Amino acid sequence: MSRPFGPDQILKVSGADLLSDLDLTDDELLYLLDLAEAVKQAPRDYAQALAGKSIALLFEKPSLRTRLTFELAIRELGGGSVFVDGPIGVREPLKDVARNLDRWVNGIVARVFSQSTVEGLAHWSSVPVINALSDAYHPCQALGDMQTVREYFGDLKGRKLAFIGDGNNVAQSLMLTAVRLGMDFALGCPEGYTPDPDIVAQAEGLAAVEGASVVVTHDAAEALRGAHVVYTDVWASMGQEQEAIERKKAFHSYQVNDALFAQARADAIFMHCLPAKRGEEGSDSVMEAKRSAVFDQAENRLHAQKALLLMMLT
Ligand code: CP
Ligand code: NVA
């Protein structure tokens, strides 16, 4: 590999923030995945890279993986973090919150209900803002996931990812990221639960450049045909709990169980961002299957986010 990965040679991202997956250029995305691998192999080389930097974590929603992997990533890179939970922009206006943080910290990681909240934080502060999940995107998840798929399959070009379930934030980020790496992307979902048509159109445009494809279908078998990766996520995301019963009915035939998983390639892996509702979107058997990559994904959140922090903050 000719590109530099040393702690003093990290490529700086061109955009200020990571609000959606598209804030990284194709080159930056590829570099980030390589850097994440380098960081995973030699974490101690980067132990002082964020020395003297402080990062605020603002979380409107619960988290196990994202909060802990960011806190650990920052600590293992020599930086410090402060955590605040609760709604942003209620006790005081969002623009005031952002301008306070701007005076204290070197970066903001925010998990929010509305995409407009991370956009507002980015608008009103001069420090990098990282989207740690919104209603529209979960870009940090997609980064760790692509690192994981590369570990199983090597080059991603010509591989296929089938997402079975809700066309939600995780699906939308995966779609935008996978096609830029040359993967075919298919989503199998019930009627009424398709992704945002604008994001699908964006993904189709990006896929065309790579010779990849995007399919949105209500036929799970069609989505699964030839898939290297079978991915699912909860049917009711955080904030949609009141729709859980109605969604359970709509999605029941889209559960990734042994029968559905068997419709993908024989060497397919099962992925889930977690937290999972076992027995709903995925059966216990696929979660525990030999080809389940769910804990590899969780591990790689740490390494991919370290790479992201290095590129955005050093
Ligand atoms: N996958 C993920 O983002 O998990 P948390 O909600 O626990 O952060
Ligand atoms: N789609 C889920 C992902 C959780 C990591 C949610 O938004 O709740």
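In this text the structure is predicted, and so the values were computed from the model without any measurement. All ligand and atom numbering here is 1-based and tracks the order in the structure.
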- For the residue pair Y31 and F5, does the interplanar ring angle fall in the parallel (under 30°), tilted (30 to 60°) or perpendicular (over 60°) class?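 Ring orientation, 0 to 90° scale: parallel.
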- Item | Whether F163 and Y231 hold their rings parallel, tilted or perpendicular, with breakpoints at 30° and 60° |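 Because their plane-to-plane angle is under 30°, the rings of F163 and Y231 count as parallel.
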- Item | Charged tip of R67 within 45° of F83 ring normal and under 6.0 Å |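 Cation-pi check for R67 and F83: passes.
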- Query: Just which atoms of ligand 1 are under 4.0 Å from any heavy atom in C273?
  - Reply: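 Under 4.0 Å from C273, ligand 1 has these atoms: 1 (N).
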- Message: List ligand 1 atoms under 4.0 Å from R301, heavy atoms only on the residue side.
- Response: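 Going through ligand 1 atom by atom, the ones under 4.0 Å from R301 are 1 (N), 2 (C), 3 (O).
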- Transitively linked via ILVMFWY side-chain contacts under 4.5 Å: V149 with V256?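 No, V149 does not connect to V256 through the hydrophobic network.
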Identify every side-chain donor-acceptor pair in residues 206-216 under 3.5 Å, counting partners at least two apart or on other chains, and give the distances.
unit_1 : atom_1 : unit_2 : atom_2 : d
E210   : OE1    : K157   : NZ     : 3.0
S213   : OG     : D184   : OD1    : 3.1

Please write down residue, atom name and distance for the protein heavy atom closest to [atom].
atom: atom 4 (O) of ligand 1; answer: R65 NE, 2.8 Å
atom: atom 6 (O) of ligand 1; answer: R111 NH1, 2.8 Å
atom: atom 7 (O) of ligand 1; answer: L64 N, 2.7 Å

- Item | Which residues share a side chain to side chain donor-acceptor pair (under 3.5 Å) with E204, sequence neighbours left out |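 Not a single residue meets the side chain to side chain donor-acceptor pair (under 3.5 Å) criterion with E204.
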- Return the set of residues passing ring-ring contact (aromatic ring centres under 6.0 Å, His included) with F113 (not counting sequence neighbours), or none when no residue passes.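 Counting only residues at least two positions away or on another chain, F113 forms no ring-ring contact (aromatic ring centres under 6.0 Å, His included).
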- Query: Does CG in L64 sit with more than 12 non-hydrogen atoms of other residues, nucleotides or ligands closer than 6.0 Å?
  - Reply: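 Enclosed: over 12 neighbouring heavy atoms sit under 6.0 Å from CG of L64.
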- Option of least heavy-atom distance to atom 3 (O) of ligand 1 (set: K61, H138, M238, H272):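 Looking at heavy atoms only, H138 sits closest to atom 3 (O) of ligand 1.
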- Task: Return yes or no for this condition: an N or O of L274 is under 3.5 Å from an N or O of ligand 1.
- Result: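 Among all N and O atoms of L274, at least one is under 3.5 Å from an N or O of ligand 1.
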- Between Q141 and ligand 1, is there a nitrogen or oxygen pair with a distance under 3.5 Å?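 Indeed, backbone or side chain, Q141 has an N or O that close.
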Close N/O pairs between ligand 2 and protein, under 3.5 Å:
unit_1   : atom_1 : unit_2 : atom_2 : d
ligand 2 : 1 (N)  : N168   : ND2    : 3.3
ligand 2 : 1 (N)  : N169   : OD1    : 2.9
ligand 2 : 1 (N)  : D233   : OD2    : 2.6
ligand 2 : 1 (N)  : S237   : OG     : 2.7
ligand 2 : 7 (O)  : N169   : ND2    : 2.8
ligand 2 : 7 (O)  : S237   : OG     : 3.4
ligand 2 : 8 (O)  : M238   : N      : 2.8

- Query: Below 4.0 angstrom, N of the basic side chain to O of the carboxylate: do R247 and D166 qualify?
  - Reply: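 Looking at R247 and D166, the cut-off is met.
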